[in-house]
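Structure first, then comments.
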There are 2 protein chains.
Amino acid sequence: MSLKDVSKLLGVSTATISNAFNRPDQLSVALRSRILSECERIGYAGPSMIARSLRSGQSDVIAVMLSDSLTYSFSDPMATDFMAGITEVLAKAHKQLLLLSSTIKSDAQIRAESLPDGFIFYGAPEGDSFNRVIRSGKPLIVVDFDYPEVPSVNIDNYEACKQLASHAITNASDIPAILGMRLKHNDDHVHPLSATDLDHDKQEISWQRLFGYLAGAQQSGIEILPEHIVHLPINIMSQAEEGARYLLSQPKRPNVILCMSDIIAIAVCKVARELGLRVPEDVKVTGFDDIAEATRNQPPLTTISQQGYEKGQLAANLLLKASNERTMMDAKLVVRESA
Amino acid sequence: MSLKDVSKLLGVSTATISNAFNRPDQLSVALRSRILSECERIGYAGPSMIARSLRSGQSDVIAVMLSDSLTYSFSDPMATDFMAGITEVLAKAHKQLLLLSSTIKSDAQIRAESLPDGFIFYGAPEGDSFNRVIRSGKPLIVVDFDYPEVPSVNIDNYEACKQLASHAITNASDIPAILGMRLKHNDDHVHPLSATDLDHDKQEISWQRLFGYLAGAQQSGIEILPEHIVHLPINIMSQAEEGARYLLSQPKRPNVILCMSDIIAIAVCKVARELGLRVPEDVKVTGFDDIAEATRNQPPLTTISQQGYEKGQLAANLLLKASNERTMMDAKLVVRESA
DNA sequence: CTGAAAGCGCTTACAG
DNA sequence: CTGAAAGCGCTTACAG
């Protein structure tokens, strides 16, 4: 059923019906309420979004472009917290949510990019989606990475990790180690770094964190050896457990393990338990993110709060008001019992 | 930039350019590749989805209509597992995902419903969205509820809970209790039921589960008293803890607590720990869902696996092949250490 | 306050 | 193999 059909049925022009739905000031209250109730009766739910978008150039749809697959993102507590914050703001603004992933490179995805009025990029994207959006001139916000002139939401990963490391490493004889996420590209194996790996571009989040840890350790006069820095390709329990087993079976067993996510830290606690090691007495463990489960872990995790929910709210609000701000959110050290 | 602009620039008709993108068989390979590479060069990303949808009546967008707010859903592990399964299937089929919630009743939402080619309803929806979609004639799948003639994915909540209860209640002297989710409507308080509450429509999931528990208890010759059945308005830790504290401080303290979600069970374990009670020695605890954290809880939860991910995959696959099946998935008892 | 008409950017049946 | 033309369902500037 289209406006034209309704127009015939009601004996009123299509323009007037359109105005009844969209511009109440353009017609009398009486006519409007007659039109609306008639539409209700005959089952016309209102103008189609597609035709309206084509005509007006506005869809009221906001896209979130995730740098991981949607499937992975739904299993990542940080991503879902972030999305929860976004949706709270969008719901209030009567905007709809389209979920996209820059890992997908299909025509269908490219076409879909023409729909949204604005974009939130979460994490540095793969492929060309970012350039296409820039070229489109539509408003966008980038989160957890930076691009010249583009409004953004970030945290200071370096400082946060430096603070965390210097909290956890208290003793000159401590042996710290790092379980790091995505330190290397296109490398699907869990393994320790070699010395040459450390000559690396500091821009990526994982390396900002790594250098923060190293700086924090240095404050206590301690160097973290490359063989005590483990690369995990992806933030999941199974890989984290593998990394934890590797570290905890080293001849010089680390007694402080700095983890780049809470999920990893939870895995370390589990492996430690299996090996009969106590946290934090035998090995201190720190996380990153402060997901809900961090509080529930045994022991509760000392970690950095990323405030994912608030981050989502902020990103959505910046987008909706077409802000140009490049914002830094606080990342707070949360001391619990694991370190 | 539109097809018309490109048409002028390349000296080829709009139809041919459209065909270059959508129907390769309609033009020569040479011309097509020339068109495609020229488009790339001038920065034309392909036909707009909106215009295409208007013309062809197909958007390649699938909507998931959640019965809770999006914000809540993103914090619910079952919902996110389910979404993860859906997105895996959609990505392969080159479909896009629009996330909708039946709790929202705005014109913008109604308009947005005109976009998707198909719908997955997760949980019994509020409001009129369901009727509008039925009227639209678009394909839909309903999950975790039923509607005449509509293809669906469900589990047998009654049987699962009966099995779980009869596993957990082993002794004639056991005192079982239930922490139930959404047993009453529009009731925001955590409180035990009264006898009259038990005369209730059995259709809703929470009541299917409740009656399953009661049946399982009955098999061991035990009745569960209304004052040992607690209503939780929503599935979050804080309310579950409140309910757990209430139950565990009863004069006749329950020693088996059947929880309608893993989140609730995790909260019970936490409260038990705080009260110095051991699980399962002093109080057995069962969950429902089998979320990732169920395995990590101390002790690991005995629960019912809902296979949320597989449920999402199944729902999406049924939708894409326009199936009419009404499917029942297995809900398996998973025995771990908590009961 | 109301309606006739143009046009948003495409796809597709059809003619050549 | 290619192009001219109609039309998808709207919104909006404009005329009355």
Side-chain angles (χ1 to χ4, degrees), chain A residues 1-36 38-39 42-61 107-108 110-117 136 138, chain B residues 1-36 38-39 42-61 107-108 110-117 136 138:
Chain A
M1 168 136 26
S2 73
L3 263 193
K4 213 155 132 192
D5 304 325
V6 179
S7 154
K8 277 184 204 138
L9 248 41
L10 304 198
V12 183
S13 82
T14 59
T16 301
I17 302 170
S18 170
N19 283 333
F21 280 97
N22 301 315
R23 310 202 303 190
D25 55 307
Q26 298 294 303
L27 73 176
S28 69
V29 176
L31 179 58
R32 175 161 190 255
S33 74
R34 194 195 118 214
I35 291 176
L36 259 28
E38 289 285 291
C39 284
I42 63 182
Y44 179 70
S48 129
M49 161 181 194
I50 294 171
R52 157 190 256 242
S53 298
L54 178 57
R55 177 59 230 240
S56 70
Q58 198 191 327
S59 63
D60 290 330
V61 169
D107 283 358
I110 295 178
R111 266 201 304 273
E113 290 169 6
S114 67
L115 176 64
D117 295 333
S136 75
K138 290 180 185 173
Chain B
M1 169 137 26
S2 73
L3 264 193
K4 213 155 130 193
D5 303 326
V6 180
S7 154
K8 276 183 202 140
L9 248 41
L10 304 198
V12 184
S13 82
T14 58
T16 301
I17 302 170
S18 170
N19 285 332
F21 281 97
N22 301 315
R23 311 203 302 190
D25 54 307
Q26 298 293 304
L27 72 176
S28 69
V29 176
L31 179 57
R32 173 160 192 257
S33 74
R34 194 195 117 212
I35 290 176
L36 258 28
E38 289 285 292
C39 284
I42 63 181
Y44 179 71
S48 131
M49 160 184 195
I50 294 171
R52 157 190 257 240
S53 299
L54 179 58
R55 178 56 230 241
S56 69
Q58 198 191 327
S59 63
D60 290 331
V61 169
D107 284 357
I110 295 177
R111 266 200 305 273
E113 290 169 5
S114 66
L115 177 65
D117 295 333
S136 76
K138 290 180 184 173

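Throughout, protein chains are lettered first and strands after them, A, B, ... in sequence-line order, and every chain is numbered starting at 1.
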- Message: Please pick, from dT12(D), dT11(C), dT2(D), the nucleotide with the shortest atom-to-atom distance to any side-chain atom of Thr16(B).
- Response: dT2(D)
- Query: Taking C-beta and beyond as the side chain, do Ile42(A) and Asp5(A) meet within less than 4.5 Å on heavy atoms?
  - Reply: no
- Given atom CG of Asp5(A) and atom C1' of dC8(D), what is their separation to the nearest angstrom? 12 Å
- Examine distances only and state if a side-chain atom of Ser18(B) and a backbone atom of Thr14(B) form a donor-acceptor pair shorter than 3.5 Å. no
- Query: Okay, side chain of Ser59(B), backbone of Ser53(B): is any donor-acceptor separation there less than 3.5 Å?
  - Reply: no
- Note on the structure: Leu115(A) atom CG is separated from dC10(C) atom P, nearest whole Å, by 14 Å
- Message: What's the closest nucleotide to the side chain of Gln26(B) if the choices are dG3(C), dT11(C), dT2(D)?
- Response: dT2(D)
- Task: Select one nucleotide: of dG7(C), dT2(C), dG9(C), the one nearest the side-chain heavy atoms of Ser2(B).
- Result: dG9(C)
- Query: CZ of Arg52(A) versus P of dC8(D): gap in Å, rounded?
  - Reply: 20 Å
- Query: Which sits closer to the 5' end of DNA chain D, Leu54(B) or Asp25(B), going by the nucleotide each is nearest to?
  - Reply: Asp25(B)
- Task: With heavy atoms under 4.0 Å as the rule, sort Asn19(B) into base, sugar-phosphate or nothing.
- Result: base
- Item | Stems where DNA chain C pairs, listed by first number, each of three or more Watson-Crick or G-U pairs under 3.5 Å | C:1-3 with D:14-16, C:5-12 with D:5-12, C:14-16 with D:1-3
- Query: Of the nucleotides dG9(C), dT2(C), dG7(C), which has the atom closest to the Ala51(B) side chain?
  - Reply: dG9(C)
- What's the spacing between Leu9(B) CG and Glu38(B) CD if we round to 0.5 Å? 8.5 Å
- Mind checking the CZ-CD1 spacing from Arg52(A) to Ile50(B)? Nearest 0.5 Å is all I need. 11.5 Å
- Task: Check whether any side-chain nitrogen or oxygen of Ser48(A) sits under 4.0 Å from OP1 or OP2 of dC10(D), and answer yes or no.
- Result: no
- Item | 4.5 Å side-chain heavy-atom contact, Leu115(A) and Met49(A) | yes
- Tell me: CE of Met1(B) to C1' of dC8(C), nearest whole Å? 17 Å
- Message: Categorize Leu3(A) for me: base, sugar-phosphate, or nothing, with a 4.0 angstrom heavy-atom threshold over every strand shown.
- Response: base
- Roughly, in whole Å, what's the span from CG in Leu31(B) to C1' in dT2(D)? 9 Å
- Task: Answer with base, sugar-phosphate or nothing: what part of the nucleic acid does Ile50(A) contact at a heavy-atom distance below 4.0 Å?
- Result: nothing
- For the side chain of Arg55(B), counting heavy atoms from C-beta on, which of dT2(C), dG7(D), dG3(C) is nearest? dG7(D)
- Query: Roughly how far apart are Thr16(B) OG1 and Phe21(B) CZ, rounded to 0.5 Å?
  - Reply: 12.5 Å
- Heavy-atom side-chain proximity of Leu10(A) to Arg34(A) below 4.5 angstrom: yes
- Message: Just to be sure I understand the rule, does Tyr44(A) reach a base, reach only the sugar-phosphate, or reach nothing, if contact means heavy atoms closer than 4.0 Å?
- Response: sugar-phosphate
- Task: Please determine, for the side chain of Ala15(A), which listed nucleotide (dA4(D), dC10(D), dA4(C)) has the closest atom?
- Result: dA4(C)
- Message: Students often get this wrong, so: under 4.0 angstrom with heavy atoms, is Leu27(A) touching a base, only sugar-phosphate, or nothing?
- Response: sugar-phosphate
- When rounded to whole Å, the CD1 to P distance for the pair Ile17(A) and dG9(D) reads 14 Å
- Which of dC10(C), dC10(D), dT12(D) is nearest the side chain of Ser56(A)? It is dT12(D)
- Note on the structure: Taken to the nearest whole Å, CG/Asn22(A) to C1'/dA13(D) is 16 Å
- Message: From NZ of Lys4(A) over to C1' of dG3(C), roughly how many Å is that when rounded to an integer?
- Response: 15 Å
